[in-house]
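Note sheet for the following structure.
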2 protein chains.
Amino acid sequence: MTANQPAMDGGFDVLSLDCPSRLILQRIGDRWSIFVIAALSKEVLRFTQLKQRIGGITPKVLTETLRALETDGLVAREVFAEMPPRVEYRLTPLGRSLLGPISAVREWAETHVGEVLQARERAGA
Amino acid sequence: MTANQPAMDGGFDVLSLDCPSRLILQRIGDRWSIFVIAALSKEVLRFTQLKQRIGGITPKVLTETLRALETDGLVAREVFAEMPPRVEYRLTPLGRSLLGPISAVREWAETHVGEVLQARERAGA
DNA sequence: CAGTATCCTGTGAGATACTG
DNA sequence: CAGTATCTCACAGGATACTG
């Protein structure tokens, strides 16, 4: 892989455009992925349940987000041949392993969001 | 990082649109912020030095990124009244405290990016 | 129920050129 | 050196309506 020169303290060059971090941030940094992952963190959910829990998301965008997460192996989609149709979404083991890092960011955010907002105000935002 | 279940029982509602996590992900999830933070993780750097180390970034975008990070209190900008002008950028303590969480994501990425790419290929991306 | 199908818009970001 | 100033464009993502 791309172990050019260790930046920060790992074996990857964080300044490289194809650094894995970038890939992952593009996946979870978008507007909705993290909501979906959070919603599925403890429950298997159906399409409409997801839509209800994640307020404000449109079906189109929810579909896109779910397909992207599925493509990357983070979410599993199971279709039951019933009438009416039933589709269940759950995190894969890979998806579940992301909960830890996300949690680290979330905890930082909860601890420091006040400081960020203060700085923002001080700057006149 | 206490939680294996980071989602809905941490005191904050991760599914809320104004969840702190979202704010932070919007900041570090954009195309360049993490590069800037990484570049400044061990060194104080000047504008041109940043531009050189972060290949491909245009001055306009670098300026925008630095201003945003400064606004949020993550980066400090120090101007020296000299000729030719000299401006130094460094992480604030708040900015440095972000290195931990970022590192957690980076480590996950390094460990699992292969699986993600395999899943992506398997899906025909 | 679990999505598609269209249409539309804001904006992140690139290219390029110029300046105190 | 350390930025501004414009222009441009792709595309994520929203609104709305429809369907197997």
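Residue numbers start from 1 in every chain, and the chains themselves are labelled A, B, ... in the order their sequence lines are given, proteins ahead of strands.
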Measure [atom1]/[X] against [atom2]/[N] and give the value in whole Å, please.
X	N	atom1	atom2	value
B:Arg67	D:dA5	CZ	P	11 Å
A:Ile57	D:dA12	CD1	P	15 Å
B:Lys60	D:dT8	NZ	P	13 Å
B:Ile54	D:dG3	CD1	P	13 Å
B:Met83	C:dT19	CE	C1'	11 Å
B:Leu69	C:dG12	CG	C1'	15 Å
B:Arg86	C:dG20	CZ	C1'	18 Å
B:Ile34	C:dA13	CD1	P	13 Å

5' precedence on DNA chain D between A:Glu64 and B:Phe47 (nearest-nucleotide basis):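 On the 5' side of the pair lies B:Phe47.
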OP1 or OP2 of [N] versus the side-chain N and O atoms of [X]: is any pair under 4.0 Å?
X	N	result
B:Arg31	C:dG14	yes
B:Trp32	C:dG12	no
A:Tyr89	C:dC1	no
B:Thr48	D:dA2	yes

I want to verify a distance call: between [options], whose nearest atom is closest to the [X] side chain?
X	options	result
B:Arg77	D:dG14, D:dT4, D:dA2	D:dA2
B:Val87	D:dG13, D:dG3, C:dT4	D:dG3
A:Arg46	D:dC1, C:dC1, D:dG13	C:dC1

B:Thr92 side-chain N/O to B:Leu74 backbone N/O, donor-acceptor pair under 3.5 Å: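 At least one qualifying donor-acceptor pair exists.
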Donor-acceptor pair, side chain of A:Glu110 and main chain of A:Glu107, under 3.5 angstrom: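 Side chain of A:Glu110 to backbone of A:Glu107: no pair is present.
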Min side-chain heavy-atom separation B:Tyr89-B:Val44 under 4.5 Å: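 Contact flag for B:Tyr89/B:Val44 side chains = no.
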Any side-chain heavy-atom pair of B:Thr63 and B:Phe47 under 4.5 Å: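 Result yes, sub-4.5 Å side-chain heavy-atom pair found.
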Closest heavy-atom pair and its distance - A:Trp32, B:Arg22: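 Smallest heavy-atom distance, with atoms named: N-NH1, 4.2 Å.
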Contact nearer the 5' end of DNA chain C, comparing B:Thr58 with B:Pro85: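 That would be B:Thr58.
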Touch class at under 4.0 angstrom, heavy-atom based, for B:Phe80 against every strand present: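 Since no nucleic acid heavy atom lies under 4.0 Å of B:Phe80, the category is nothing.
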Complementary nucleotide for D:dA5 - Watson-Crick or wobble, under 3.5 Å: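 C:dT16 - that is the nucleotide pairing with D:dA5, both distances being under 3.5 Å.
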